[in-house]
2 protein chains.
Amino acid sequence: MDQLDELYTALRETGYRLTPQRMMILDVIRHRTGHITAEQIHSAVVDTYPYLDISTVYRTLELLKDLHLISETKLGGGVTQYEYKVGKKPHHHLVCRKCGETISLGVQVLQPVEHLLLEEYGFQVDFDHLAIFGRCAHCL
Amino acid sequence: MDQLDELYTALRETGYRLTPQRMMILDVIRHRTGHITAEQIHSAVVDTYPYLDISTVYRTLELLKDLHLISETKLGGGVTQYEYKVGKKPHHHLVCRKCGETISLGVQVLQPVEHLLLEEYGFQVDFDHLAIFGRCAHCL
DNA sequence: CTTATAATTGCAATCAATTGCGATAAGCCA
DNA sequence: TGGCTTATCGCAATTGATTGCAATTATAAG
Ligand SMILES: [Mn+2]
Ligand SMILES: [Mn+2]
Ligand SMILES: [Zn+2]
Ligand SMILES: [Zn+2]
């Protein structure tokens with residue numbers, strides 16, 4: 001089963017439909033290594049399909065999040081970043097408020113907290129591709 | 001020294017000015033126990049001073065954050081919440097993605113992570129009145 | 001293949017928040 | 001007190017993102 005079938009199946013299972021817009025949008029996200037913004041996705045697709053509206057991009061991003069195919073994070077700078085997740089190592093980011101540098105962080109760093117909150121409060125936290133703000137070593 | 005003198009001094013030390021708008025805005029925030037939105041602050045002040053613009057509210061909130069008098073947090077629902085900090089116990093919030101319930105959380109829960117990130121990465125995180133999203137015990 | 005149904009789209013309007021700019025006024029000094 | 005400097009304000013425009021709605025179209029049924 002290739003990537004298109006994979007998307008098609010994932011969508012059909014939950015009553016969604018496979019549309020050209022969704023294929024094109026996912027395709028752009030998948031071909032990017034690292035983060036991408038809604039505006040960048042839109043302008044990439046518009047090159048070949050000029051009628052795509054930015055609202056369709058946002059609605060599709062919402063859908064792809066629900067299907068756990070992408071993550072969404074605000075890394076500062078006022079624009080939200082999206083990233084393709086399938087087959088990649090889950091991670092968070094440290095973001096320096098002064099110089100803007102971002103450092104990748106393995107998910108294990110926050111796992112003790114996740115367990116503690118589940119034990120103490122019965123609360124199942126939802127830590128996925130977090131942005132943790134502060135001062136980097138260089139800026140301290 | 002009363003609260004007004006306190007604000008005046010804090011402002012003057014850093015070259016800022018004490019204006020009626022800033023006094024009125026801080027006053028509204030101070031009299032609220034718990035969270036308040038920019039729109040609520042604006043509409044409260046406008047009752048007595050109709051010319052206040054919402055942009056002045058946002059600019060003042062930015063300033064009060066820099067002076068560490070208030071905290072800012074997105075608790076979900078698309079509107080940012082502000083809270084007066086002085087003399088209150090610092091805390092975070094657990095926010096349930098399903099039912100919307102928010103639970104207060106002592107800051108000590110995240111301190112091990114803060115220390116770890118400082119040790120391992122030399123990164124000084126900036127954890128202040130965080131919103132931690134997930135599922136509450138009742139919704140699991 | 002044709003038709004029916006309902007999910008999805010494009011578009012325009014809207015929302016929360018931010019920014020540029022000329023007018024105003026707070027703080028400082030004579 | 002009165003004038004100077006420049007921080008701050010109100011206003012309008014803009015930004016990133018969301019929403020309501022009528023038109024379109026992906027899918028299922030005949
Ligand atoms: Mn990432
Ligand atoms: Mn709080
Ligand atoms: Zn830095
Ligand atoms: Zn809940």
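Naming: A, B, ... by sequence-line order, numbering from 1 per chain.
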Ile36(A)-Leu75(A) co-clustered via ILVMFWY side chain contacts under 4.5 Å:
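In one cluster with Ile36(A): Leu75(A), no.
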
Please check if the side chain of Arg12(A) supplies one atom and the backbone of Leu18(A) the other of a donor-acceptor pair under 3.5 Å.
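Side chain of Arg12(A) to backbone of Leu18(A), a donor-acceptor pair under 3.5 Å: no, none is there.
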
Do the side chain of Gln40(A) and the main chain of Thr37(A) share a donor and acceptor less than 3.5 angstrom apart?
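Yes: the side chain of Gln40(A) pairs with the backbone of Thr37(A).
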
Using a cut-off of 4.0 Å on non-hydrogen atoms, how would the nucleic acid contact of [X] be classed: base, sugar-phosphate, or nothing?
X        : result
Gln21(A) : sugar-phosphate
Ile54(A) : nothing
Arg12(B) : sugar-phosphate
Tyr58(A) : base
Ser55(B) : base
Arg22(B) : sugar-phosphate

Rounded to whole Å, how long is the line connecting atom [atom1] of [X] with atom [atom2] of [N]?
X        : N       : atom1 : atom2 : result
Glu13(B) : dA26(C) : CD    : C1'   : 18 Å
Asp53(B) : dT18(C) : CG    : C1'   : 12 Å
Tyr16(A) : dT8(C)  : OH    : C1'   : 12 Å
Glu39(B) : dT18(C) : CD    : C1'   : 14 Å
Met23(A) : dT9(C)  : CE    : P     : 11 Å
Glu62(A) : dA7(C)  : CD    : C1'   : 17 Å
Arg17(A) : dA7(C)  : CZ    : P     : 7 Å
Leu18(B) : dA25(C) : CG    : C1'   : 13 Å

Would you kindly compare Leu52(A) and Thr19(B) by the position of their nearest DNA chain C nucleotide and give the one closer to the 5′ end?
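Counting from the 5' end, the first nearest nucleotide belongs to Leu52(A).
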
Using the closest heavy atom to pick a nucleotide of DNA chain C for each, name whichever of Arg59(B) or Gln81(B) lands nearer the 5' end.
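The residue mapped nearer the 5' terminus is Gln81(B).
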
Only one of Ile70(B), Thr60(B), Leu69(B) passes side-chain contact (heavy atoms from CB on, under 4.5 Å) with Ile29(B); say which it is.
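Per the side-chain contact (heavy atoms from CB on, under 4.5 Å) rule, the option paired with Ile29(B) is Ile70(B), out of Ile70(B), Thr60(B), Leu69(B).
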
5' to 3' contact window, DNA chain D with chain B (heavy-atom distance under 4.0 Å):
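Boundary nucleotides touching chain B, in 5' to 3' order, are dT6(D) to dC11(D).
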
Can you confirm whether more than 12 heavy atoms, excluding those of Lys88(A), are under 6.0 Å from its NZ atom?
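More than 12 heavy atoms, drawn from other residues, nucleotides or ligands, come within 6.0 Å of this atom.
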
Pick from His92(A), Glu72(A), Glu83(A): which one makes a side chain to side chain donor-acceptor pair (under 3.5 Å) with His129(A)?
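Output: one option passes, namely Glu83(A).
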
Would you please say whether a donor-acceptor pair under 3.5 Å links the side chains of Ser104(B) and His91(B)?
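Short answer, no.
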
